[in-house]
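Worksheet: one structure, shown below.
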Number of protein chains: 4
Amino acid sequence: MRLDGAAVLEAGALSSSPDAAMASARELGIARPYPGWREMLAGELALPVGVRMEAVSIVTPNDTHAMIAGACLAAGFDVVVDKPLATSSADCDRLAAAARSAGRSLTVTYNYSGYPLVREARAIVAGGGIGPVRRVAVEYHQGWLATRLEAGGHKQASWRTDPGRTGGVGALGDIGTHAEHLAAFVTGASPIELCAEVRTVVEGRGVDDDASVLLRYPGGSTGTLTCSQVCVGEENGLSIRVYGRTGSLAWRQEQPNRLEFRTAEGLRVLTRGSPGLSSDAADATRLPPGHPEGFHEAFATIYRGACDRVRGIESRLAHLAPTAEDGARGLRFIEACTASKGSWVRLG
Amino acid sequence: MRLDGAAVLEAGALSSSPDAAMASARELGIARPYPGWREMLAGELALPVGVRMEAVSIVTPNDTHAMIAGACLAAGFDVVVDKPLATSSADCDRLAAAARSAGRSLTVTYNYSGYPLVREARAIVAGGGIGPVRRVAVEYHQGWLATRLEAGGHKQASWRTDPGRTGGVGALGDIGTHAEHLAAFVTGASPIELCAEVRTVVEGRGVDDDASVLLRYPGGSTGTLTCSQVCVGEENGLSIRVYGRTGSLAWRQEQPNRLEFRTAEGLRVLTRGSPGLSSDAADATRLPPGHPEGFHEAFATIYRGACDRVRGIESRLAHLAPTAEDGARGLRFIEACTASKGSWVRLG
Amino acid sequence: MRLDGAAVLEAGALSSSPDAAMASARELGIARPYPGWREMLAGELALPVGVRMEAVSIVTPNDTHAMIAGACLAAGFDVVVDKPLATSSADCDRLAAAARSAGRSLTVTYNYSGYPLVREARAIVAGGGIGPVRRVAVEYHQGWLATRLEAGGHKQASWRTDPGRTGGVGALGDIGTHAEHLAAFVTGASPIELCAEVRTVVEGRGVDDDASVLLRYPGGSTGTLTCSQVCVGEENGLSIRVYGRTGSLAWRQEQPNRLEFRTAEGLRVLTRGSPGLSSDAADATRLPPGHPEGFHEAFATIYRGACDRVRGIESRLAHLAPTAEDGARGLRFIEACTASKGSWVRLG
Amino acid sequence: MRLDGAAVLEAGALSSSPDAAMASARELGIARPYPGWREMLAGELALPVGVRMEAVSIVTPNDTHAMIAGACLAAGFDVVVDKPLATSSADCDRLAAAARSAGRSLTVTYNYSGYPLVREARAIVAGGGIGPVRRVAVEYHQGWLATRLEAGGHKQASWRTDPGRTGGVGALGDIGTHAEHLAAFVTGASPIELCAEVRTVVEGRGVDDDASVLLRYPGGSTGTLTCSQVCVGEENGLSIRVYGRTGSLAWRQEQPNRLEFRTAEGLRVLTRGSPGLSSDAADATRLPPGHPEGFHEAFATIYRGACDRVRGIESRLAHLAPTAEDGARGLRFIEACTASKGSWVRLG
């Protein structure tokens, strides 16, 4: 948020422990600290419009998203929520309905869709640049959970492998849903059936940490999605390749400033910021070509899109920022994978 | 064969058309040309041992492999056969038995296993360098059949998409079997179950041209295998990644002189010919590091292994060259994929 | 600056035109806008200590650096100045002396030294990881000035090729000085002699746009430095390789999250954020491995180092941020290159 | 030679020791072994034309090239000689004259010019694809002589660092001359002046092992050439970049199957064997795209060109194979570098 200066963190409830929340807010110099989110909603509603906060960003563990987001929407605030949007698609649908009826926006931080060249890939597919899609290969391989890190009290590992806080899922909800969103964002299509092999590789772990999924798209196209957090040596290996009738695209999150675009003419490497890219890519670009942008900028682009939404600005950033519907589709994907157990399952 | 000079092409039946066979042999300056393979076997058997050819290399379309190889073995010749070894696993088993009873060797040219760094990867896995394997990701993506090239009379495309000559399969037999062998060669393990989505993407084509396969290995490990000949822009995209409990390996055929090896210590890039590699890799190496080797050398290594076998030389090259058993496993893989139709199938 | 929140832009003179300065400040919501830098100094000095600004960041064209920085130091403010620090080494020396006598800090934004893996490279060299340095190869190739862009009124091109505003130099001062600093930062050594071929390639341009320089280091080591802004297709191609007696390092600005480290043991690829890196690298790191950082973060690291200096915080960031001495060495390098005309010149 | 079968090694003198020569020839199964090259010339001349050898390939240390090649030409044989062609440009000129007057061909094995994509680069430059050349950057960095390997009796290291056998030079003659030829081959231009810093880095070594050279081309273009055999970790790092007015090219020997081609349209990666390449590239190509070719094939292309020359076949391979003139230019380059001692020297 800070990168673009489009929003300022004015109020906050920064921990589930009231004392820690107040201490943390003091440390960050936040103007209106609160001991908890309920107090924050009450306190802000007591302020006049124009003074009170405009929107709430929810970055808590998965199991609290629906409750907090629902309360914020009910109180009339726009919300930005980390993925997965909730722990069930039913909750997602309720949030989507709540947002609609409240006339508030809800943005889900599928942050990888904020990369300019991901947006370029989407624009190329949408513009027919590779013809109808025939095959999608998306994967998200990490290695940081290759051992039972959570047993040693590692904070991130602990909550991300605690079924009570994640909504029962592990890798699927933590990274698989990013892969699903990336594929949907770039191709504009969603699978209608899937067959998933979901495993817990590390002994003693309470959630899945590895999955392989076959995807069937409308019209007979197919895809594969794999996600794993036990791939030793992988850092943050999210990548996508899309093969169409006349061309193909390949993008890797760890080298986000280049996009490979192949057609019968050969291989072109598109670089972020270079002339000739789509306005979707250009609008998400801050620096000239060759000056690497990365994770921060992509995330900031989602936040800026959310800010535009909150303020009713009709921008491409607002248009492309993930919605409650994206969040709901993400949960349906997770639920279908969990239900599959190696058989084909229809996606609602 | 010529690269190493371990064997000389003395006799040959170089076309299914007798006239073309003789003309082609003359052009190549082959000492003993024959109008067909039957004539060649008869003619060579008429020569004294020591003069007659030592072994036969069969590079015909798939549907003739079993017949010719069987006849050669029966006549007492060692054989080298292109993959797939035959058009059914039953035929492969018969050939394997025939070779055993004749006391002759049979080598199948899964040529990609001839690359030094593929052999290094195998040695690392076998030596425990990455711990027990948890996940395998092998893929073979080409794009040359993304259109119906066979309709225009393209020679390679024509027979490779003619079910009568391939044994009914397309991409599975042409490249999928390479991917299967590569995974088995590197990991030393074979899947016990698979679930395959096999498609014909290009309209009017008589064989499959695209497949996605989930693999289950003994002990609960998993894998994915995809092969496709309709991935526009892919040239010869065979690659493998193997993730173990303590490390992982990644190799790409299009950059065969480097092998990525990741452990908790970080990423090391092993280069062909560099000091410290296994003797399996070193024995398959001809040039110093930095002097790129490629497809020819890898193929030649398989031939040299076959030559060693023919001559009873106990070398690592002979030991690692693919056998009739590899060929039979390859056919069982193809048959299982064909039978799967999206359901799980046990591999015999 | 905004990225880390270590400083806030409280006051500003944001254009050489008073009206534009005020308008721009309003747009950015700056608390205390001024029509010019002189007014800013006067206005801030009128405020009590603790309210007035702490330091000034100077991002004007080269020819004004010395004047403004000198005035700021004289007024008792710490300063941060873009490179090149001034238009002559004599001015740099005067600024360095002024800073010393005023007891104020002066930081020059050689921003590329803020990349974590550049700092890792420095730490490796300093720690003897590659042995004594034998050869340095640093280059900075851009292509954006391959045509006479300044003739069309392009704002950046116009002032950067206007000898009156740059201090008479082009590529040497714009990017060559970055390359010089990077080499000195990583190796800890400076050349004692150089031989430079400096050219103006694009006809009609008033400054150099391309240079090749041979470097002689103390002890007989050598190096090459090339910088050019007419290399069509290059975006921001700054890179460095350092070869020592027992190892070598290679880093490219366009892929800043990886550092190649070669020794007799082979090639290791160090990745930003991975365990085992030096504290210099770790202190400059914000995100976990695999979450790309880029240009913004590197620049922010310099600013944070400057902030620490301003506040007397003894951090590695403060220690490594470029100083007036670095700036003066940069100008001596530029002057020597300009004077060389293809002959060897001693560096003071 | 064996790769293409265009020539057969019929006769040979395979060592400077007569016994070793005969033993080695027996081992390789060479039809007509000789104890030395003089005996070979005499013996072959005694055979009738049509039976006797067609041409001689000279792969001895540098100091014997001129003598043997001269004798072969005088005896009426075509010759193929390793680089450098001789130990002085005067000897080269004599050989060129001898070849002309004997009506025999002389081919120098600058083997790196045999790579298809090097030929493509040449064709692109020649066809105006990057406009007039402005800057050349060629380098050849190896690390294998980073220690005094010759002191331990390493065979290759011993003769390559023995001034008596190399003609007084080390890296310049061993690899610098390759870099010089590559640049001339691709650009079609030769420098008219150079300024070279030539060093012996490893103590006790009798020849140079490291050099940096500034180049001036006709018309004001410039270039840099560096070669070194003490760059720890470099394997066979020959690379070239050529920047023209409208585009640029980059090629690396260690990844020879790809050529980067940049213009205002962006970056295209040309791959060996792909459609649309020049006939020069296509004629030097043996395998389909994605099936890596390497060092052997490039070398074989030079031999095939030499064979075509010997037989009077007017092919592109014959046309592009390096000549005595290339060899002479190579020596003039070496001599100029040696003479330079850091000053500018005109090239004859």
Side-chain angles (χ1 to χ4, degrees), chain A residues 130-132 134-137 139 141 143 146-147 193-203 209-216 220-226 228 230-235 237 241-250 260-268 340-344, chain B residues 130-132 134-137 139 141 143 146-147 193-203 209-216 220-226 228 230-235 237 241-250 260-268 340-344:
Chain A
I130 62 168
R134 288 172 161 184
R135 168 178 279 279
V136 178
E139 69 178 42
H141 290 185
T147 59
E193 288 183 289
L194 63 75
C195 170
E197 184 82 338
V198 180
R199 299 187 300 153
T200 300
V201 170
V202 172
E203 234 172 294
D209 52 19
D210 180 280
S212 306
V213 190
L214 300 180
L215 307 170
R216 287 180 183 152
S221 296
T222 60
T224 55
L225 180 155
T226 59
S228 178
V230 300
C231 288
V232 178
E234 296 279 2
E235 297 184 335
R241 287 168 295 162
V242 182
Y243 299 102
R245 184 191 292 264
T246 60
S248 62
L249 294 163
E260 296 184 351
F261 182 19
R262 290 174 171 84
T263 64
E265 307 288 288
L267 165 58
R268 290 178 56 203
S340 165
K341 298 179 194 310
S343 294
W344 288 91
Chain B
I130 61 168
R134 289 172 160 183
R135 170 178 278 278
V136 179
E139 69 177 43
H141 290 185
T147 59
E193 288 183 288
L194 63 75
C195 170
E197 184 82 337
V198 180
R199 299 188 300 154
T200 300
V201 170
V202 172
E203 233 172 296
D209 51 19
D210 180 280
S212 305
V213 190
L214 300 181
L215 307 170
R216 287 180 183 152
S221 296
T222 60
T224 54
L225 181 155
T226 59
S228 177
V230 300
C231 289
V232 178
E234 296 279 2
E235 296 184 336
R241 286 169 295 161
V242 182
Y243 299 102
R245 184 191 292 265
T246 60
S248 62
L249 294 163
E260 296 183 351
F261 182 19
R262 289 175 172 84
T263 64
E265 307 288 289
L267 165 58
R268 291 178 56 205
S340 164
K341 298 180 194 307
S343 293
W344 288 92

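Chain letters run A, B, ... following the sequence lines, proteins first and then strands; every chain starts at 1.
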Rounded distance (nearest 0.5 Å) linking atom [atom1] of [X] with atom [atom2] of [Y]:
X	Y	atom1	atom2	answer
A/Phe261	A/Ile130	CZ	CD1	7.5 Å
A/Lys341	A/Glu197	NZ	CD	11.0 Å
B/Glu193	B/Ser343	CD	OG	11.5 Å
A/Thr263	A/Leu249	OG1	CG	10.0 Å
A/Glu234	B/Arg241	CD	CZ	6.5 Å

Subject >> Which residues share a side chain to side chain donor-acceptor pair (under 3.5 Å) with B/Ser248, sequence neighbours left out >> reply: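 Checked B/Ser248 against side chain to side chain donor-acceptor pair (under 3.5 Å); zero matches.
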**OP:** Output yes when a side-chain donor or acceptor of B/Arg135 lies under 3.5 Å from a complementary backbone atom of A/Ala211, and no otherwise.
**Re:**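 Present.
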Segment of [X] engaging chain A (4.5 angstrom heavy-atom cut-off):
X	result
B/Ser228	side chain
B/Arg199	side chain
B/Thr226	side chain

Subject >> Heavy-atom proximity to chain B below 4.5 Å, by part of A/Glu260 >> reply: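 Neither part.
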Original post:
What part of A/Thr224 lies closer than 4.5 angstrom to a heavy atom of chain B: side chain, backbone, both or neither?
Top reply: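 For A/Thr224, the side chain is the part near chain B, not the backbone.
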Subject >> Most contacts with chain A, counted as non-hydrogen pairs under 4.5 angstrom, among B/His141, B/Glu265, B/Glu235 >> reply: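 Ranked by heavy-atom pairs under 4.5 Å with chain A, first place is B/His141.
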Original post:
Relative to chain A, which of B/Cys195, B/Gly233, B/Ser221, B/Cys231 shows the most heavy atom pairs under 4.5 Å?
Top reply: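 It is B/Cys231.
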Original post:
Which one, A/Thr246, A/Asp210, A/Thr147, A/Leu267, leads in non-hydrogen pairs under 4.5 Å with chain B?
Top reply: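 The answer is A/Asp210.
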**OP:** Would you mind telling me which of A/Val230, A/Val201, A/Leu214 has the largest number of heavy-atom pairs within less than 4.5 Å of chain B?
**Re:**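 Most pairs with chain B among the choices: A/Leu214.
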